[in-house]
Amino acid sequence: MKCTILSDGAWGTALGMVLCGNGHEVTQYGPFPEYLAQLDQKRENYKFLPGVRLPDAIRFEANIAKATAEAELVVLATPTQYLRSVLEKYQPYYQRDRHLLLNVAKGIENNTWKLIGEVVEEILGPGRFADLSGPSHAEEVSRKVPTLVTVASENPADAMIIRNAFMNDYFRIYTSDDVVGLELGGALKNIMAIAAGIIDGMHLGDNPKAALMTRAVSEMARLGVALGGKAATFSGLSGIGDLIVTCSSRHSRNRHVGEALGRGEKLEDILHQMDMVVAEGVPTTLGGWTLAHRHGVETPIIDQMYEILYHGKDPKTAVRELMTRSAKAED
């Protein structure tokens, strides 16, 4: 297949490497021509995926019309809060009958509170669309560490096309028809990863972190079902699987933010130090909190994370309030 990656970030680069290794033609689009020229010359995405040699066959293109002109598979890997502007650039060149769209970003768009699939349909109209998510850090995928993910599409044939394009001996893919559940699992777990990082930063130990992840699955599923997803999806790779890796891994940007908050650092300073590296859980917290309140869903962890991130609440107070909520049955 001829594949275009709409992003020069770590995840898009890692997936481009998978596709290239499977024999597909890969073009990677990015908004900064000077940086793309350096990627082409150095064969290393030194800002976002340092130390990984990029295949010589990957082509880099800063002109979105040229990047997508011959594409059959277009991978949407732009961070959620910047995706709308990229889609607007892409819209004049979008070929509904030719382009199969695969979203691999994770988040909820601020201000509209739309999932990525909804943003795509608003700008490009109905078309062939799928989502890919699961426990899959770019740093490990780029080094061919065994990884399992799920691809969801309302069209089973499109899910199979994507599965066959990506799947190999280190990148295994399952299929699903629950696009909404898959998207929400990937988005909401980033909020929980910040919470897990706070626990680590406060040196609270293993008990509360295990409890957090367990209750997070229940909370994510409640909100997911209210928005049209399936509860079972949150017990799969794109739910609990992605949650575990993001709450535990040293590669997790969101866990890093939480750990610094738990040490007493200020959010503004933490994000400034991260420069262009995006921690999606921060804006997603606002989106998750808004959707939960709009749909009347009880989300105590998300509520406390909203207060910590957007109103400066002391994490110690948040932990105490979670622990002293009224008693109830687990189910």
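Values reported hereafter were calculated over all heavy atoms of this structure, with side chains retained and with hydrogens, waters and symmetry mates removed. This is a predicted model, so every value here is computed, not measured.
The pair Lys266-Glu268 does not meet the salt-bridge criterion, since no charged nitrogen lies less than 4.0 angstrom from a carboxylate oxygen.
A donor-acceptor contact under 3.5 angstrom links the side chains of Ser218 and Arg222, judged on distance only. Using modelled atom types and a 3.5 Å distance limit, the side chains of Ser85 and Glu88 yield no donor-acceptor pair. Side-chain contact of Tyr82 with Arg84: a donor-acceptor pair under 3.5 Å is absent, judged by distance alone. In this structure, a donor-acceptor pair under 3.5 Å is absent between the side chains of Glu140 and Thr147.
In this structure, the side chain of Arg98 engages the main chain of Glu70 through a donor-acceptor pair within 3.5 Å. With Ser7 contributing its side chain and Gly12 its backbone, the two residues share no donor-acceptor pair below 3.5 Å. Panel note: side chain Gln95, backbone Ala69; a donor-acceptor pair is recorded below 3.5 Å. A donor-acceptor pair is defined here as one N or O able to donate and one able to accept, closer than 3.5 Å; no such pair exists between the side chain of Thr112 and the backbone of Val119. Between the Gln81 side chain and the Asn110 main chain, a donor and an acceptor come within less than 3.5 Å of each other. Checking side-chain atoms of Thr4 against main-chain N and O of Val74 turns up no donor-acceptor pair under 3.5 Å. Side-chain atoms of Thr233 do not come within 3.5 Å of backbone N or O of Ala231 as any donor-acceptor pair. Proximity of a side-chain donor or acceptor of Arg96 to a complementary backbone N or O of Pro126 within less than 3.5 Å is detected. Under the 3.5 Å distance criterion, the side-chain polar atoms of Gln28 are left unmatched by any main-chain donor or acceptor of Glu61. Remark: the backbone N or O of Asp303 is not paired with any side-chain donor or acceptor of His293 at under 3.5 angstrom.
Annotation: side chain of Ile5 is not in contact with side chain of Ile58 (no heavy-atom distance under 4.5 Å). Within the 4.5 Å cutoff, side-chain heavy atoms of Lys114 are placed close to those of Glu122. Trp113 places none of its side-chain heavy atoms less than 4.5 Å from the side chain of Trp289. Put simply, the side chain of Leu76 does not reach to within 4.5 Å of the side chain of Val104, judged on heavy atoms. Looking only at side-chain heavy atoms (C-beta outward), Ile240 and Phe234 stay at 4.5 Å or farther from each other. Side-chain contact between Pro50 and Glu44 is present, with heavy atoms from C-beta onward closer than 4.5 Å. Residues Cys3 and Glu25 fail the side-chain proximity criterion, which asks for heavy atoms closer than 4.5 Å. By the 4.5 Å heavy-atom criterion applied to side chains, Asp40 and Leu36 are not counted as neighbours.
If you run side-chain hydrogen bond (donor to acceptor under 3.5 Å, both in side chains) between Asn190 and each of Asn254, Thr285, Asp242, only Asn254 comes through.
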Inset, instruction - Output, in order, the C-alpha distance, side-chain angles, deciding distance and verdict of side chain to side chain donor-acceptor pair (under 3.5 Å) for Asn45 and Tyr35. - result: CA-CA 9 Å; Asn45 194 335; Tyr35 187 59; 2.5 Å; yes

Legend entry - Steps toward side chain to side chain contact (heavy atoms under 4.5 Å, CB included) verdict (Leu204, Lys209): CA-CA 8 Å; Leu204 292 181; Lys209 193 168 180 180; over 6 Å; no

Inset, instruction - Could you go through the side chain to side chain contact (heavy atoms under 4.5 Å, CB included) check for Leu100 and Glu72 one step at a time? - result: CA-CA 6 Å; Leu100 171 55; Glu72 297 165 86; over 6 Å; no

Inset, instruction - Output, in order, the C-alpha distance, side-chain angles, deciding distance and verdict of salt bridge (Lys or Arg N to Asp or Glu O under 4.0 Å) for Glu259 and Arg255. - result: CA-CA 6 Å; Glu259 188 172 10; Arg255 196 198 68 80; 3.1 Å; yes

Legend entry - side chain to side chain contact (heavy atoms under 4.5 Å, CB included) between Gln304 and Leu322, intermediate numbers included: CA-CA 8 Å; Gln304 292 293 348; Leu322 284 171; 3.8 Å; yes

Legend entry - Audit row: Arg215, Met192, side chain to side chain contact (heavy atoms under 4.5 Å, CB included) steps and yes/no: CA-CA 10 Å; Arg215 296 308 302 165; Met192 306 307 179; over 6 Å; no

Legend entry - Check against salt bridge (Lys or Arg N to Asp or Glu O under 4.0 Å), Asp56 and Arg53: CA-CA 9 Å; Asp56 292 337; Arg53 168 76 185 180; 2.6 Å; yes

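Across all non-hydrogen atoms, the minimal contact from Ile194 to Gly281 is CD1-C, 3.6 Å. In terms of heavy-atom proximity, Met274 sits nearest to Ala279 at CE-CB, 3.9 Å. Of all non-hydrogen atoms in Leu261 and Ile308, the two that sit nearest each other are CD1-CG2, 4.5 Å. Heavy atoms only, all atoms of each residue included: Glu298 and Lys328 are closest at OE2-NZ, 3.3 Å. Taking all atoms of both residues into account, the shortest heavy-atom contact from Ala62 to Pro33 is CB-CG, 3.8 Å. Closest of all the heavy-atom pairs between Leu182 and Leu132 is CD2-N, 4.0 Å.
At least one cation-pi condition fails for Arg163 and Phe166: the charged atom is not both under 6.0 angstrom from the six-membered ring centre and inside a 45 degree cone around its axis.
For Tyr306 and His311, the ring centers are positioned less than 6.0 Å apart.
Side-chain heavy atoms closer than 4.5 Å link hydrophobic residues (I, L, V, M, F, W, Y) into clusters, and following such links, even through other members, never connects Leu102 to Val179. Hydrophobic clustering, with ILVMFWY side chains joined whenever heavy atoms are under 4.5 angstrom apart, keeps Leu124 apart from Val180. Two different hydrophobic clusters hold Leu148 and Tyr170 under the rule that ILVMFWY side chains link at heavy-atom gaps under 4.5 Å. Cluster membership for Val75 and Met160, using ILVMFWY side-chain heavy atoms within less than 4.5 angstrom, is not shared. Hydrophobic clustering, with ILVMFWY side chains joined whenever heavy atoms are under 4.5 angstrom apart, keeps Ile161 apart from Val120.
Taken to the nearest 0.5 Å, the CG atom of Leu6 stands 11.0 Å off from the NZ atom of Lys89. Between the CD1 atom in Ile270 and the NE2 atom in His256 there is a gap of 7.0 Å [rounded to 0.5 Å]. Rounding to the nearest 0.5 Å gives a distance of 7.0 Å between CG of Asn103 and CG of Leu83. To the nearest 0.5 Å, atoms CD1 (Ile173) and CE (Met167) are separated by 7.5 Å. Here Asn168 contributes atom CG and Lys144 contributes atom NZ; the two are 8.0 Å apart, rounded to the nearest 0.5 Å. The CE atom of Met305 lies 12.5 Å from the CG atom of Leu188; values are rounded to the nearest 0.5 Å.
In the displayed structure, Arg250 atom CZ is contacted under 6.0 Å by at most 12 heavy atoms of other residues, nucleotides or ligands. The number of heavy atoms from other shown groups lying within 6.0 Å of CD (Glu154) does not exceed 12. Within 6.0 Å of the CG atom in Asp269, the count of heavy atoms belonging to other residues, nucleotides or ligands exceeds 12. The neighbour count for Tyr94 OH, taken as heavy atoms of other residues, nucleotides or ligands under 6.0 Å away, is above 12.
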